[in-house]
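Below is one structure, written out as C-alpha cells, with a few remarks after it.
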Amino acid sequence: MTQPFHEQKNNQVSEQTNEQSSNKTNEQMNRQFGEGEQQTLIIAHRGSKGTHPENTMVAFLEALEVGAEGIELDVHLSKDGIPVVIHDETLERTTNGKGWVKDYTVEELKCFEASAEFGAEHKEATIPTLEETLEWLASTQLLLNIELKNGLLPYPTMEEKIVELVNKYSLEERIIFSSFNHYSLVKLHQLQPEIETAILFMEGLYEPWNYAKSIGAKGLHCYLPVAQPLLLQRAREEGTPVRPFTVNEEAHIRALIQGGSSAIITDFPEKALQIRRSLA
Ligand code: G3P
Ligand code: MG
C-alpha cells in the first residue's frame, strides 16, 4: 500500500499522523503535484499571464480551458485583512489604481480594473479575493499553488487566514503553499502539516532537498536557471518534486519535460501543453 503523502521517505520532519492523507487514493497521490514517474504537470503562472490579465478570474478560466493541471497565484492582505490575489505590493503595474494594496479595503480594491496590458479586451477584470478563487476552484479538478507575498510586508495572521480558507473549501489535498519567506512556510507547516509547502528560491542552494526537509517543506520551486539536469536528477532520487518558474521558451519547456521535471510554472500553459503532447 502506498504510504501517506507526508510519510514518504523524504519528509523527515512530519511527526503527526494524517488521517486525511491515508484516505487518499493512489490516483490522487500520484496526481498530486507531479510526483513519481508521471508526466510533467503544467501550472499556469498567475493564471495564464502570457495571454490574459495576470491573477484574475479570466486568466484562471483560461488555464482551465486549455487543460492546465494547475494554477499559481500570489496573495497579499487588504486593509481590512482579507487575502486578495495580486502580485505586487502596489497597484500601479496591473491595475488602474495607485498606492499600496494594504491601504485599501476589499470593497475599494474591487473598484479598480485589473486588466493591465490586456485592458482593451478584458476591462471587466478585477482583483479577486482568495476566497472567490477557492470557491471557484473547488468546482474544478485543478491544483493550486498559493504563493504568499509576505517577503516585504509581514502581514501578521496571513498564514492563519489562508489556511482557514483552504479548510473551508476542503482543498487541502490540492494546495501547495510557497513563499520566498521561509519563516512563513514553517508557520504554515506548523498550522497544518498535511498541506504541502514548497521553498521558492533564486540561487544555487546546495542540496536544497535537505534544507527543504529541515523546514518541513516538500517541493522545490526554483528559478529556471537553477533547474539544471543534475539538480533534477538528484531531486528525483530524493523523491523531491521540482517545479521551476517561469518557463516560457520552447527549448526550456522541452528540456524540463525531457529532464523529468515534476511540473513547470509557465505564463503560456497552452503552448506548454502542446509541446508536452508533441513529446509524448
Ligand atoms: O511561484 C513562482 C513565481 O510566481 C515566483 O515569482 O515573482 O512571479 O511571483 P513571482
Ligand atoms: Mg508568484
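In this chain, residues are counted from 1 in sequence order. Both counts, for ligands and for their atoms, begin at 1 and track the order of listing. Everything numeric in this text was worked out from a predicted model, so none of it was measured.
Closest to atom 1 (O) of ligand 1 among all protein heavy atoms lies E72 OE2, 2.8 Å. For atom 10 (P) of ligand 1, the nearest non-hydrogen atom of the protein is H87 NE2, 3.2 Å.
The closest approach of E147 to the Mg ion (ligand 2), by N/O/S atoms, is made by OE1. Among heteroatoms of the N, O or S kind in E72, OE2 lies nearest the Mg ion (ligand 2). Looking only at N/O/S atoms, D74 comes nearest to the Mg ion (ligand 2) through OD1.
Ring orientation note: the planes of H76 and Y155 are nearly perpendicular, at an angle over 60° on the 30°/60° scale.
Judged purely by atom type and a 3.5 angstrom limit, S261 has no side-chain atom pairing as donor or acceptor with the backbone of I257. At least one donor-acceptor pair under 3.5 Å links the side chain of E72 to the backbone N or O of R46. A distance-only check finds no donor-acceptor pair linking the side chain of Q192 to the backbone of H189 [under 3.5 Å]. A donor-acceptor pair under 3.5 Å is absent between the side-chain atoms of N96 and the main chain of F112, judged by distance alone. Side-chain atoms of T105 come within 3.5 Å of backbone N or O of E108 as a donor-acceptor pair.
Residue contacts with ligand 1: D74 is placed with a nitrogen or oxygen under 3.5 Å of a nitrogen or oxygen of the ligand (distance criterion only).
By the 4.0 Å heavy-atom criterion, E147 is counted among the residues contacting ligand 1.
Every atom of ligand 1 with a heavy atom of F245 under 4.0 Å away is listed here by number and element: 2 (C), 3 (C), 5 (C), 6 (O). With ligand atoms numbered from 1 in the order given, ligand 1 contributes 7 (O), 9 (O), 10 (P) to contacts under 4.0 Å with heavy atoms of K149. Atoms of ligand 1 found under 4.0 Å from any heavy atom of R46 (numbered from 1 in listed order, with element): 7 (O), 8 (O), 10 (P).
There is a side-chain donor-acceptor pair under 3.5 Å between Y169 and E131.
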